[in-house]
Amino acid sequence: MSKNKILGFAVAASLITVLIVLVALTRSVDLDAHNRIVGTLREMKQLDAEWNTEVLRSKTGFSENYDAVARPLARLAELESQLDEQSVGLLERDGGKAVAQALASYRESIRQKIDAVEHFKSQNAILRNSSRYLPTAAQELADGVVTSGVMADAQIRPLLGDLVNRALSYILAPEQSRRELIEGGLLALRGMPIALPADLAEQLELFASHVETVLRQQDAGDRILGELATLPTAERIDALTDAVAAQHNHSLLAQQQARQWLIAYSVLLLLVLAWLASRLIGSFRLLRRSNASLQKAHAELKESQVYMVQSEKMSALGQMVAGIAHEINTPLAYVKGTVDVMHEQIDGLTALLGSCLRFTRLMRDQADKAAIREEFMQLEALAKKTAQDTVLEEMDALLESSSGGITQISEIVVNLKNFSRLDRAKVSEFDVREGLESTLLLAKNLLKNKVTIEKEFDDVPQISCSPSQINQVFLNIISNAAQAIPDDRDGTLTLRTSRAGDDRVRIEIQDNGGGIPADVLPKIFDPFFTTKDVGKGTGMGLSISYKIIQQHAGHIEVDTEADVGTVFTIELPIHPPVDDSDAAVFDDDDMLLAA
Amino acid sequence: MHTNRKRWGGPAGLVLGLAIWAGGGAASAAEPIEPLPLRIELDAAKVALGDKLFHDKRLSRDGTIACASCHRLDSGGVDNTPVSTGIDGAKGSINAPTVLNSGFNFRQFWDGRARSLEEQAAGPIHNPIEMGSDWQQVLAKLRQDTALTAQAAAAYPQGLTEESIVDAIATFERSLVTPAPFDRYLRGDSSAIDLSAARGYELFKDYGCVACHQGVNVGGNMFQVFGVMGDYFAKRGGPTEADLGRFNVTGLEADKHVFKVPSLRNVALTAPYFHDGSAATLEDAVDVMFRYQLGRSAPAEDKALIVEFLHTLTGDEQARSLVATR
């Protein structure tokens with residue numbers, strides 16, 4: 001991966017991370033959770049108030065038992081653990097400290113309240129029992145004392161009655177003065193200067209202790225109820241609610257801020273994206289423009305390539321026509337000569353024939369002997385002259401010679417046909433040696449008087465190919481080779497055929513010319529590359545050859561050395577792989593041209 | 001009493017949602033004692049699992065003690081000894097309270113240190129002289145029991161864990177509800193208890209017992225000082241740490257010798273009495289209460305009537321069906 005790519009990824013990743021963080025921040029406030037906490041707190045406050053009511057109901061005796069006072073404890077515990085669960089998230093956030101403090105002080109106050117309520121229940125039970133029992137106890141004590149005869153009814157009953165009344169009033173209105181009166185009464189009771197029997201003394205002490213219990217428990221009850229009244233559980237719940245609300249507002253504010261940031265960031269991102277998109281569209285346009293111009297250039301190139309190939313063909317054809325014309329001209333000339341000579345001979349034979357006819361007419365007409373004799377002498381002289389001149393033998397020889405010339409011409413025509421194979425299927429079995437021979441014949445004109453041909457043909461199997469195309473390659477290379485050999489040198493062109501592995505045939509065409517310069521070598525297969533003067537070569541020859549070999553699934557190599565020569569090595573498969581594209585390769589010249 | 005095991009045990013008994021008390025008038029609002037509810041809804045699978053665990057000795061370190069070892073369901077939910085015997089024969093420090101109707105107690109333990117049955121269940125398991133184990137040990141042992149693990153997985157999404165074990169045990173304990181003749185009496189069936197017991201109830205109220213023993217569980221909803229009208233502990237002697245009661249939990253001077261007022265349901269079955277198991281009989285216990293709590297004396301016949309009343313708080317045998325499944 002390139003440095004730029006890594007940088008791009010890093011930038012994209014960090015942009016996305018920022019986006020995710022911002023989105024998360026805008027969702028950080030869980031309204032449901034907040035509502036749940038608020039609901040819990042509301043229920044706690046309500047429970048607290050109800051609890052207060054239940055305590056008062058017990059105090060005033062409206063409730064016969066403490067189930068209603070004890071019941072809120074379980075719900076309270078549930079609500080507390082519920083609140084603990086719900087507030088876990090709150091404590092971690094900003095303002096969590098305030099919430100935690102409010103929670104802690106609430107807990108402290110509710111713990112105190114629970115203890116106070118428990119103490120209230122205990123003291124209230126005792127107070128109620130003792131206060132209920134006091135009149136009975138006083139009655140029993142008075143009865144006992146009077147029955148025992150220790151004291152008179154009037155002595156003891158008012159004392160006990162006062163104590164009971166004052167003690168019961170003290171429950172309703174615990175005033176200090178009344179308390180002092182009761183304590184005074186107890187002192188008087190205990191300090192009575194009369195000796196009581198043991199059981200009565202015990203009973204008296206029990207009564208006194210119940211009175212004391214009433215005082216003690218009433219004071220304790222007052223204290224506890226005072227404590228309960230001042231215990232700020234409701235206020236603490238309110239404070240906790242406020243702390244939660246404050247934190248919630250804070251979170252909402254933070255969320256709002258995050259949302260604004262998110263919007264700004266999104267706008268920024270959109271702008272960046274728009275910029276990138278516009279750049280992309282720009283580059284796309286540029287690409288399309290250059291693509292269009294490239295396509296146009298390609299079309300033009302293809303057109304000119306068609307021309308070039310055509311002109312290459314014409315040029316090759318021109319060379320061939322010159323060679324062929326020359327080849328045909330020679331036999332044609334002496335055929336013409338012999339025909340001319342025979343034409344001259346015809347006059348003598350015509351005279352002989354005329355003399356024969358006249359003589360035979362004279363004989364049939366039974367003319368005079370002198371005329372017959374004269375005519376006979378003339379015929380004899382003509383026949384003798386014809387025989388002497390060996391005219392017929394000469395004509396025979398001339399005809400034979402013309403026939404030879406004509407055969408020679410027809411051979412050339414056959415070779416021409418072989419070369420182009422125009423009359424044959426495009427793909428056929430082909431012996432590369434025959435191809436080379438045909439090509440040599442056609443290129444004879446180029447090679448004549450200049451180049452010695454050496455053939456080192458191994459026995460090679462026929463290959464499946466397009467013979468006319470392969471011949472075109474041979475002709476290209478051979479004519480290049482002929483041209484590469486300087487005029488002042490005895491050129492040698494060596495043609496070799498051999499097997500290359502099991503399934504390929506190798507053809508080597510070697511010249512001893514000047515070699516290909518190093519700066520030219522890489523370009524020789526390029527289209528339109530030529531070292532010849534303008535107009536003399538199209539620069540397409542080797543490029544087309546390369547294409548043809550490639551399309552035959554073969555390959556072509558060049559090995560060259562300055563002043564030593566060049567060898568072109570062509571390898572062709574015996575059975576080229578058959579598939580649609582390869583089948584199409586041999587289709588026709590148009591394919592080749594289009595390639 | 002072995003046959004009675006059945007009535008507490010199998011979930012089959014719990015599946016029936018039928019109320020045992022179809023009739024009955026409205027409970028008098030003025031009565032300080034309220035009848036048990038006619039119906040309690042609990043998850044049958046959890047109750048069944050809790051039942052198994054309640055009787056499972058693997059909860060103790062040496063595999064000798066189950067919850068049911070001390071809270072014997074066939075004898076009033078207690079072991080009828082002053083203090084229970086834990087693993088290795090160790091003697092406990094306090095009398096085992098009954099597990100029956102414990103779901104109606106506002107706090108658990110004599111000193112009320114557990115706010116719920118769930119909280120309570122973990123206590124004895126960890127107490128070194130009771131079961132002497134810990135969760136790691138217990139879970140390791142129980143998880144080898146594939147049947148139990150499967151049963152727990154069926155009852156709880158999280159399967160067998162500390163939470164599910166205490167929840168199952170607590171749920172089972174909530175199913176241990178024992179409606180008694182007195183409940184029917186409260187609902188208006190005056191023939192449910194005999195006249196002397198009814199008279200005993202009136203005395204129970206008149207003498208002030210009901211000041212503390214009130215509510216649906218006849219106690220179990222408040223704390224009270226043991227020895228309101230006299231120093232019980234000085235008289236008894238041999239003070240123990242357990243005697244300090246709720247002081248051990250709150251550290252408040254006012255909570256010294258303060259205990260949870262125990263439920264009197266099934267009290268006839270749960271001798272001996274008090275946190276120290278000092279009262280061998282119900283009569284002894286009533287005497288102590290009169291002496292130290294009420295600070296008064298009463299004729300023996302009144303006390304006997306009160307004891308008769310207390311016997312009507314003993315649960316009916318057929319009563320377990322009031323637990324409905326949910």
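So you know, we letter chains A, B, ... as the sequences are listed, proteins then strands, and number each from 1. These numbers come from a predicted model, not from an experiment.
The interface of residues 106-115 of chain B with chain A, defined by heavy-atom distances below 4.5 Å, comprises B:F106, B:R107, B:R115.
Of the atoms belonging to B:M229, it is side-chain heavy atoms, and not backbone ones, that fall under 4.5 Å from chain A. Only the side chain of A:R132 comes within contact range of chain B, judged by heavy atoms closer than 4.5 Å. Within the 4.5 angstrom heavy-atom criterion, no atom of B:S116 approaches chain A. Looking at B:K260, neither its backbone nor its side chain comes within 4.5 Å of chain A, counting heavy atoms on both sides. When heavy atoms are compared at a cutoff of 4.5 Å, A:S63 does not approach chain B at all. In this structure, chain B has a heavy atom under 4.5 Å from the side chain of A:I114, while its backbone stays farther away. When heavy atoms are compared at a cutoff of 4.5 Å, A:A74 does not approach chain B at all. Of the atoms belonging to A:T213, it is side-chain heavy atoms, and not backbone ones, that fall under 4.5 Å from chain B.
More than 12 heavy atoms of other shown residues, nucleotides or ligands fall within 6.0 angstrom of atom CD in A:E108. Around atom CD of B:E241, no more than 12 heavy atoms belonging to other residues, nucleotides or ligands sit under 6.0 Å away. More than 12 heavy atoms of other shown residues, nucleotides or ligands fall within 6.0 angstrom of atom CZ in A:R190.
Under the rule for a side-chain hydrogen bond (donor to acceptor under 3.5 Å, both in side chains), the partners of A:E78 that lie at least two apart in sequence or sit in another chain are A:R75.
Between the OH atom of A:Y133 and the CZ atom of B:R296 there is a distance of 5.0 Å, given to the nearest 0.5 Å. A distance of 9.0 Å separates CD1 in B:I33 from CG in A:N65, rounded to the nearest 0.5 Å.
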Apply side-chain contact (heavy atoms from CB on, under 4.5 Å) to the pair B:R246 and A:D115, showing each step before the final yes or no.
CA-CA 11 Å; B:R246 189 148 177 80; A:D115 285 343; 4.3 Å; yes

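In this structure, the side chain of A:K121 does not engage the main chain of B:C212 through any donor-acceptor pair within 3.5 Å. Not one N or O on the side chain of A:H119 forms a donor-acceptor pair closer than 3.5 Å with the backbone of B:A254. For the pair B:Q214 (side chain) and A:E64 (backbone), a donor-acceptor distance under 3.5 Å is absent.
The closest side-chain heavy-atom distance from A:R111 to B:T250 is not below 4.5 Å.
Shortest non-hydrogen contact noted between B:V216 and A:D67 is N-OD2, 2.6 Å.
No other option in B:N217, B:D255, B:V210, B:N221 has as many heavy-atom pairs under 4.5 Å with chain A as B:N221. Ranked by non-hydrogen atom pairs under 4.5 Å with chain A, the options B:C209, B:G208, B:G230 are led by B:G208.
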